[in-house]
Enquirer: 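Can you read through this structure? Questions will come right after.
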Amino acid sequence: PVAVLQGRAHYYERGRPDEMRDAIRTLAGIGCETLLQTNAAGSLCLDMPPGSVMAITDHINFTGVNPLFGIGPGDGRFVDMVDAYDPALTQALLAAADAAGVTCHQGVYIWFSGPSFETPAEIRAARVLGADAVGMSTVPETILARHAGLKVVALSLMTNYAAGLVPGKLGHEQTLAVAKASASDVKRVLRAFLERYT
Ligand code: HPA
């Protein structure tokens with residue numbers, strides 16, 4: 001059985017990093033074991049152009065906020081984040097992409113708060129820090145899921161090159177257009193992953 005969330009709420013919507021807390025605790029509560037996440041992201045790598053997919057192997061929380069702010073001492077707030085993106089499930093995701101005939105990159109995702117896009121200087125800094133993709137989601141959900149005892153595996157779709165990587169401006173329209181054009185690739189990977197999931 002698979003429970004599906006139709007989209008997500010973002011930190012930038014109301015300034016609350018724990019916006020997804022109830023949804024994720026509910027998934028854990030009804031018996032889910034794994035949170036499979038998807039997102040749209042900006043690529044920091046020239047060899048990962050718009051339309052590419054990337055399995056997230058680790059993340060950088062660049063926002064300074066955390067969805068576990070305010071959690072009490074008895075509630076396991078010091079969550080271990082080593083292998084937060086489950087290595088075995090990530091390998092399974094890569095194998096699923098292979099089976100689906102979709103090239104799948106691997107890399108580090110950096111969380112910026114949004115909703116404004118990053119500046120070129122911020123993206124240069126993110127590259128120095130070791131990021132491969134940038135986005136405005138996923139990291140708080142991963143932290144909440146690990147706190148709730150769920151395994152996490154995550155797939156990013158590159159909808160654009162991050163700010164300053166190539167000439168030109170960024171816009172939400174491009175995110176939507178590339179997401180639509182690449183939806184069938186993402187669907188095939190997810191289907192192959194779920195068919196193999198044990
Ligand atoms: N930056 C942040 N979030 C994003 C981007 C980006 O370039 N593309 C899609 N989501």
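We count ligands from 1, going down the list as the structure has it; atoms in each ligand are counted the same way.
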Enquirer: For the pair Tyr197 and Phe193, name the ring-plane relationship: parallel under 30°, tilted 30 to 60°, perpendicular over 60°.
Expert: tilted
Enquirer: Mind checking whether Ala41 contacts ligand 1 via backbone (N, CA, C, O), side chain (CB onward), both or neither, at a 4.0 Å heavy-atom cut-off?
Expert: backbone
Enquirer: What protein heavy atom sits nearest atom 2 (C) of ligand 1, and how far off is it?
Expert: Glu118 OE2, 3.2 Å
Enquirer: When rounded to the nearest 0.5 angstrom, what is the spacing between OG1 in Thr26 and CG in Leu5?
Expert: 9.0 Å
Enquirer: Tell me whether Arg77 is salt-bridged to Asp75, with the criterion being a basic N under 4.0 Å from an acidic carboxylate O.
Expert: no
Enquirer: Please name the residue in the list Asp98, Leu155, Val189 that meets the side chain to side chain contact (heavy atoms under 4.5 Å, CB included) test with Cys104.
Expert: Leu155
Enquirer: Looking only at protein heavy atoms, which one is nearest to atom 9 (C) of ligand 1, and how far off is it?
Expert: Thr159 OG1, 3.3 Å
Enquirer: At less than 4.0 angstrom from any non-hydrogen atom of Gly42, what atoms of ligand 1 do you find?
Expert: 5 (C), 6 (C), 7 (O), 8 (N), 9 (C)
Enquirer: Looking only at side-chain N and O atoms, does Gln106 offer a donor or acceptor that is under 3.5 Å from a partner on Tyr85?
Expert: no
Enquirer: Determine whether a donor-acceptor pair (N or O, by modelled atom type, separation under 3.5 Å) exists between the side chain of Ser43 and the backbone of Asn160.
Expert: no
Enquirer: Counting non-hydrogen protein atoms only, what is the nearest one to atom 8 (N) of ligand 1? Give residue, atom name and distance.
Expert: Asn160 OD1, 2.7 Å
Enquirer: Contact between ligand 1 and Phe112 is defined here as a heavy atom of the residue under 4.0 Å from a ligand atom; is it met?
Expert: no
Enquirer: For the residue pair Arg8 and Glu19, establish whether any side-chain heavy-atom pair is separated by less than 4.5 Å.
Expert: no
Enquirer: Taking only Lys NZ, Arg NE, NH1 and NH2, and the carboxylate oxygens of Asp or Glu, determine whether Asp185 and Arg188 approach each other closer than 4.0 Å.
Expert: yes
Enquirer: Using a 4.0 Å cutoff against the non-hydrogen atoms of Met136, which atoms of ligand 1 qualify?
Expert: 2 (C), 3 (N)
Enquirer: What protein heavy atom lies closest to atom 4 (C) of ligand 1? Include the residue and the distance to one decimal.
Expert: Val134 O, 3.9 Å
Enquirer: Which atoms of ligand 1 sit under 4.0 Å from any heavy atom of Gly135?
Expert: 2 (C), 3 (N)
Enquirer: Within ligand 1, which atoms have a heavy atom of Ala40 less than 4.0 Å away?
Expert: 9 (C), 10 (N)
Enquirer: Which option out of Tyr161, Tyr12, Trp111, Phe117 puts a heavy atom nearest to atom 6 (C) of ligand 1?
Expert: Phe117
